[in-house]
Amino acid sequence: MAPSQFAPGFTQHCLDTIDPKCTPRNKEVIGSLIKHIHDWAREVELSVDEWMTGLKFVNSIGQASTPIRNEGHRICDVIGLESIVQDPTPNAQPTYIHGKITDLLTGKGIPNAYDFQDPENQSPNNLRGKFRTDANDEYHFYCLKPTAYSLPTDGPAGVLLKALDRHPMRPAHIHLMISADDYKPVITQIFPKDDPYLTTDTVYAVKDDLVVDFLPREGDPKAKLDLVMDVKPAPKSFHGMPPRRKPPSV
């Protein structure tokens with residue numbers, strides 16, 4: 001006979017049903033969640049009506065969410081969860097990225113060029129930025145060194161990856177879109193050379209000349225790493241073969 005939900009051994013019984021193949025971290029996180037939820041329900045003596053009200057509220061969070069509105073994130077803000085969650089990317093190091101925008105053919109600087117990732121249409125904290133070159137044709141900004149992440153696996157793409165026994169991971173990368181008057185736009189992405197998924201990027205986007213080296217940065221309290229990223233757009237009138245490029249330039 002299954003133990004009662006208020007029996008002393010009920011919570012432990014639920015935890016014991018976690019399969020041994022479960023990863024240690026999943027077992028720790030989900031097991032702790034189960035334990036705390038059980039303890040909370042017992043502590044407040046949660047009624048069936050209260051439980052159903054809670055379920056309706058949780059369902060409403062999903063129903064209110066859209067591709068550009070994350071209601072779940074907002075709820076986490078309201079209850080203070082986001083403020084106490086540890087940084088999910090502990091290896092993401094503060095980085096200073098800088099460089100020059102110069103003409104591919106002449107090497108002359110390009111004033112007022114800019115790099116952007118659609119900032120006007122992005123939600124806050126969605127890792128986008130817009131920068132213009134200064135009077136010296138240079139740009140600079142601080143950011144976190146990116147880390148690898150997984151593609152969503154809950155749709156047909158995930159089914160295909162599983163059928164092919166392929167992982168869903170993308171290596172860490174930074175997207176760039178550089179535009180300037182009278183020049184062809186440069187749309188690309190760059191990858192840290194120490195990323196473990198460079199050779200198995202699940203979307204095959206890595207190219208040798210897009211792999212860059214984040215070096216130690218000295219004397220800057222805001223950043224631990226330094227990346228020089230020069231970009232060389234071609235004039236719109238140019239239709240030939242560009243000169244061979246060398247990392248970290250694109």
Side-chain angles (χ1 to χ4, degrees), residues 1-94 122-127 143-173 192 194-197 200-202 224:
M1 181 177 179
S4 165
Q5 66 267 33
F6 291 111
F10 176 72
T11 297
Q12 188 58 51
H13 169 72
C14 294
L15 297 176
D16 290 342
T17 62
I18 298 176
D19 193 273
K21 295 180 181 178
C22 180
T23 67
R25 180 57 177 168
N26 283 347
K27 184 175 182 179
E28 177 185 12
V29 172
I30 300 173
S32 180
L33 175 64
I34 292 172
K35 182 178 183 301
H36 283 290
I37 284 181
H38 286 200
D39 288 344
W40 165 73
R42 293 189 186 99
E43 178 185 347
V44 301
E45 296 185 352
L46 192 68
S47 70
V48 172
D49 287 343
E50 291 167 338
W51 171 53
M52 291 303 299
T53 298
L55 288 180
K56 291 178 181 178
F57 180 72
V58 170
N59 290 340
S60 72
I61 295 173
Q63 293 162 357
S65 296
T66 70
I68 60 173
R69 173 179 176 174
N70 190 335
E71 194 69 13
H73 194 168
R74 186 170 300 169
I75 294 297
C76 288
D77 289 340
V78 171
I79 66 175
L81 178 60
E82 183 181 17
S83 296
I84 63 173
V85 171
Q86 292 183 352
D87 182 0
T89 55
N91 296 321
Q93 299 169 286
Q122 298 297 327
S123 59
N125 304 315
N126 203 26
L127 307 179
C143 67
L144 292 178
K145 180 186 177 185
T147 56
Y149 67 91
S150 172
L151 292 180
T153 58
D154 57 349
V159 173
L160 180 59
L161 288 172
K162 184 175 181 180
L164 297 173
D165 195 23
R166 283 174 45 195
H167 68 70
M169 298 300 295
R170 289 228 58 209
H173 58 276
D194 58 352
D195 192 282
Y197 296 103
T200 59
D201 178 13
T202 196
K224 295 181 178 180

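None of these values were measured; they are calculated from a predicted model.
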CG (D39) and OG1 (T11) are apart, to the nearest 0.5 Å, by 6.0 Å

Rounded to the nearest 0.5 Å, the CZ atom of R170 sits from the CG atom of D195 at a distance of 10.0 Å

Scanning both residues in full, the closest heavy-atom pair of D201 with P171 reads OD1-CD, 3.2 Å

Rounding to 0.5 Å, atoms OG (S65) and CD1 (I75) come to a distance of 9.0 Å

For I18 and C22 the tightest heavy-atom approach is CG2-CB, 3.7 Å

Between the CH2 atom in W40 and the CG atom in L33, the distance rounded to the nearest 0.5 Å is 11.0 Å

All N/O donor-acceptor pairs, side-chain side in residues 51-59, below 3.5 Å, sequence neighbours left out:
residue : atom : partner : partner atom : Å
T53     : OG1  : D49     : O            : 2.9
N59     : ND2  : L55     : O            : 3.4

Any side-chain heavy atom of V44 sitting closer than 4.5 Å to one from E50? no

Closest non-hydrogen contact found for Y197 with A148 is CD1-CB, 3.8 Å

Residues passing the ring pair (Phe, Tyr, Trp, His ring centres under 6.0 Å) test with H36, sequence neighbours excluded, are none

In terms of ring plane angle, is the pair H38 and F10 parallel, tilted or perpendicular, where the classes change at 30° and 60°? parallel

Note: R74-D77 ion pair, threshold 4.0 Å (strictly below): no

Interatomic distance, CD@Q12 vs CD1@I34, rounded to 0.5 Å, equals 10.5 Å

Applied to residues 146-167, the salt bridge (Lys or Arg N to Asp or Glu O under 4.0 Å) test, sequence neighbours excluded, yields none

When every non-hydrogen atom of P146 is compared with those of H173, the smallest separation belongs to CB-O, 3.6 Å

d(K27 NZ, D19 CG) to nearest 0.5 Å is 9.5 Å

